[in-house]
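Before any comments, here is the structure.
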Amino acid sequence: MSRSHFDSGEKVKKKLKIIGFLCNWCSYAGADLAGTSRLQYPADIRIIRVPCSGRMNPLLVLKCLQEGADGVLVSGCHPGDCHYQEGNYYVRRRMLILKNLLEYFGIDKRRFHMSWVSASEGAKWADVVKKVVEDVRDACEEEVKTAG
Amino acid sequence: MVWKIQGVEGENYLESIKNFLNQLLKSKNVDAVLVPKRFPDGNNTAQVLITDPGKLDDIDPLAPVQMVNSAQIVKELTKDPVKEKIASVLRPCEVRATIELIKLKQILDARLYIIGYDCPGVYNVKDYIEKLEKSNGIGKEGFTLSYVNSFLSGKQDTIRESCQLCTHFTGNSADINIAWVGSNSSDVFIEVNSEKGQSLIEGLAGEKIGDLIERNQKINKILDERKKRQENEIDDFLGFMQRCIRCYNCREVCPLCYCKECLLKPEKMGYSSDRYLRRATKKGQIKMPVDTVLYHLTKINHMAFSCVSCGLCEQACPMDIPLGRIYNVFGRKAQALFDYEPGRSLDDELPVATFKEDELKEIEDVKE
């Protein structure tokens, strides 16, 4: 897996620390499936299992970013498929306002992402991680540039 | 429906409001009234709970000073079920905070009657005391009345910033609203907005009248001016946050910060000493006290939907951070996302306590 950190074998890309909050019932199982299916995706993501995406408090996201995480991904069951019927409907509203406030924190919106990944979508999980890593990396590089 | 209460010739609005509350208590439509009252000592007015109509002298809801957001007092008064009916005379921002707290199940409203009134705005407490002392002995009542007159003539520049920005200065969502803006004499109008309000004025002296056209014109004029003042961006949020000393004053005075177990309490936000050192080592330096931005952003995240922009946070801030403006901008942004207006009606559901199945598709920003 570590091969994905090499850009055509020339220079090593900076390793990122992205925190993924995955719901126990869908996304975590989806990530597990990606692993058992031996799908490859960047190892820049650290996964934290939460009982339901509805468990997510905005403070958890802010705290991660503040303590030095490069990005945060929140992933849950598809709307309508929540194990607890409606947890992901609520989190979607809550995270929307968080996302709108991030810029005041001086944080690029691209550092925060949400996705819905079901237990059978191992391939989607791998794709999602690739895209998130790409986006966060863009945000990081842009910040380095503007910082001079 | 609008109900006119005849004022006494040559008297002022305060007297008419007093007469109305007097009638309310005497008619036994309510058992107690919560209303701001002047005290002989000290330069302040405070909320008092009155059961004896004889104690209604010196009430002064129009005094341009707000010590607390009275929704907090209403919360204290109604946390347990009681037999007595309480009418609370509240500023519009307090009415709206009360309605939010009812929705948040912090206030039992079965025996609560909300009486709003046209609010002319308030000074910061410090300014109020200073101006009162310099007012050449016209007394507290005289000061209030001269303030009301200056409000009617459109002078607004010395009041608190939150009040200058306030576009909800009439108690539209209260059970009844005591309206005096647009009245040419000492008459006041009672706008009845609910069935509860109707039961409140049952059997009182007064007459039913039609729409108040002059009043609406006056109010719209003030509204237009204020909307122009509202800003849509905060220039230097992080800069302001550097001033924060995390004293928790803004949390204490906020009527919507009701959690008994606060996520942001000092024990939860603090770290062990070695952790501070580790964090400092990681970055080379950290600002103390830590996490002031995190504190405010989390607080905003928690109450932005219900923020009524009463501005008490700004008044309580020892570091003069323009919190009123900051929370006003953030609150309006968050509320606009779901077309929600805090305190508009008991029927509007809190945006975070409800959902639509078919919405916010854009939040899933990483797809296959």
Side-chain angles (χ1 to χ4, degrees), chain A residues 20 53-54 57-68 71 73-76 78-80 82 85-107 109-110 112-117 121 123-136, chain B residues 233-241 262-264 268-269 271 275 278-279 282-283 286 290-305 307 326 329-338 340 349-368:
Chain A
S53 55
N57 186 312
L59 184 63
L60 294 174
V61 177
L62 291 173
K63 196 96 182 168
C64 286
L65 293 167
Q66 187 219 30
E67 296 265 338
L73 167 69
V74 177
S75 189
H78 284 267
C82 176
Q85 319 299 341
E86 46 196 42
N88 51 5
Y89 287 129
Y90 291 116
V91 77
R92 163 166 97 160
R93 287 191 157 209
R94 230 177 293 148
M95 292 299 137
L96 178 69
I97 104 162
L98 173 71
K99 203 167 182 178
N100 279 289
L101 288 181
L102 274 184
E103 56 186 295
Y104 293 97
F105 203 13
I107 285 178
K109 274 188 182 181
R110 284 174 292 179
F112 174 72
H113 292 282
M114 277 197 86
S115 67
W116 313 122
V117 174
E121 293 176 322
K124 179 175 178 186
W125 170 252
D127 278 352
V128 163
V129 175
K130 277 177 207 158
K131 278 184 187 155
V132 169
V133 169
E134 230 168 74
D135 249 21
V136 174
Chain B
E233 280 305 329
I234 303 290
D235 293 336
D236 188 16
F237 176 66
L238 291 174
F240 286 131
M241 288 305 118
C262 178
L263 183 72
L264 297 165
K268 285 262 171 75
M269 290 209 85
Y271 302 107
R275 190 103 183 267
R278 250 189 292 142
R279 271 182 69 177
K282 205 151 78 181
K283 293 184 183 167
I286 48 168
V290 292
D291 294 354
T292 49
V293 182
L294 192 70
Y295 165 76
H296 283 280
L297 276 184
T298 310
K299 183 176 185 299
I300 290 167
N301 250 298
H302 280 205
M303 41 63 72
F305 284 121
C307 178
I326 292 173
V329 171
F330 285 151
R332 275 188 289 125
K333 279 191 169 194
Q335 291 150 18
L337 289 176
F338 298 103
Y340 182 75
E349 273 187 288
L350 289 164
V352 279
T354 183
F355 60 84
K356 286 183 197 136
E357 284 186 14
D358 197 30
E359 65 170 3
L360 307 182
K361 301 275 187 232
E362 71 281 6
I363 192 83
E364 188 192 14
D365 46 14
V366 272
K367 291 178 190 162
E368 270 180 288

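Chain identifiers are assigned alphabetically (A, B, ...) following the order of the sequence lines, protein sequences preceding nucleic acid strands; residue numbering begins at 1 within each chain. Reckoned from all heavy atoms, side chains included, excluding hydrogens, waters and symmetry mates.
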Point to revise | Non-neighbouring partners of Y271(B) that pass ring-ring contact (aromatic ring centres under 6.0 Å, His included), sequence neighbours left out | key: Y276(B)

Review point. Is the F355(B)-F338(B) ring centre distance short of 6.0 angstrom?
Key: no

**Study point:** Test side chain to side chain contact (heavy atoms under 4.5 Å, CB included) applied to H296(B) and I326(B), step by step
**Key:** CA-CA 10 Å; H296(B) 283 280; I326(B) 292 173; over 6 Å; no

Check your understanding: Highest number of heavy-atom pairs under 4.5 Å with chain A: which of L294(B), D358(B), V293(B), V352(B)?
Key -> L294(B)

Review point. Between L65(A) and chain B, which part of the residue has a heavy atom less than 4.5 Å away: side chain, backbone, both or neither?
Key: neither

Review point. Contact part of N57(A) toward chain B, heavy-atom cut-off under 4.5 Å: side chain, backbone, both or neither?
Key: side chain

**Study point:** Y340(B) versus P351(B), closest heavy-atom pair with distance
**Key:** CG-CG, 3.5 Å

**Study point:** Contacting region of H302(B) [heavy-atom separation from chain A under 4.5 Å]
**Key:** side chain

Check your understanding: So which of K333(B), E359(B), M241(B) has the biggest tally of heavy-atom pairs under 4.5 Å with chain A?
Key -> E359(B)

Point to revise | Pair R279(B) + D291(B): basic N to acidic O under 4.0 Å | key: yes

Practice item. Find the one option among K63(A), M95(A), K99(A) whose heavy-atom pairs under 4.5 Å with chain B are most numerous. Key: K63(A)

Revision key, fill the gap. Looking only at heavy atoms, the pair that brings S115(A) and V128(A) closest together is OG-CG1, 3.8 Å

Review point. Checking I363(B) against chain A: side chain, backbone, both or neither under 4.5 Å from a heavy atom?
Key: both

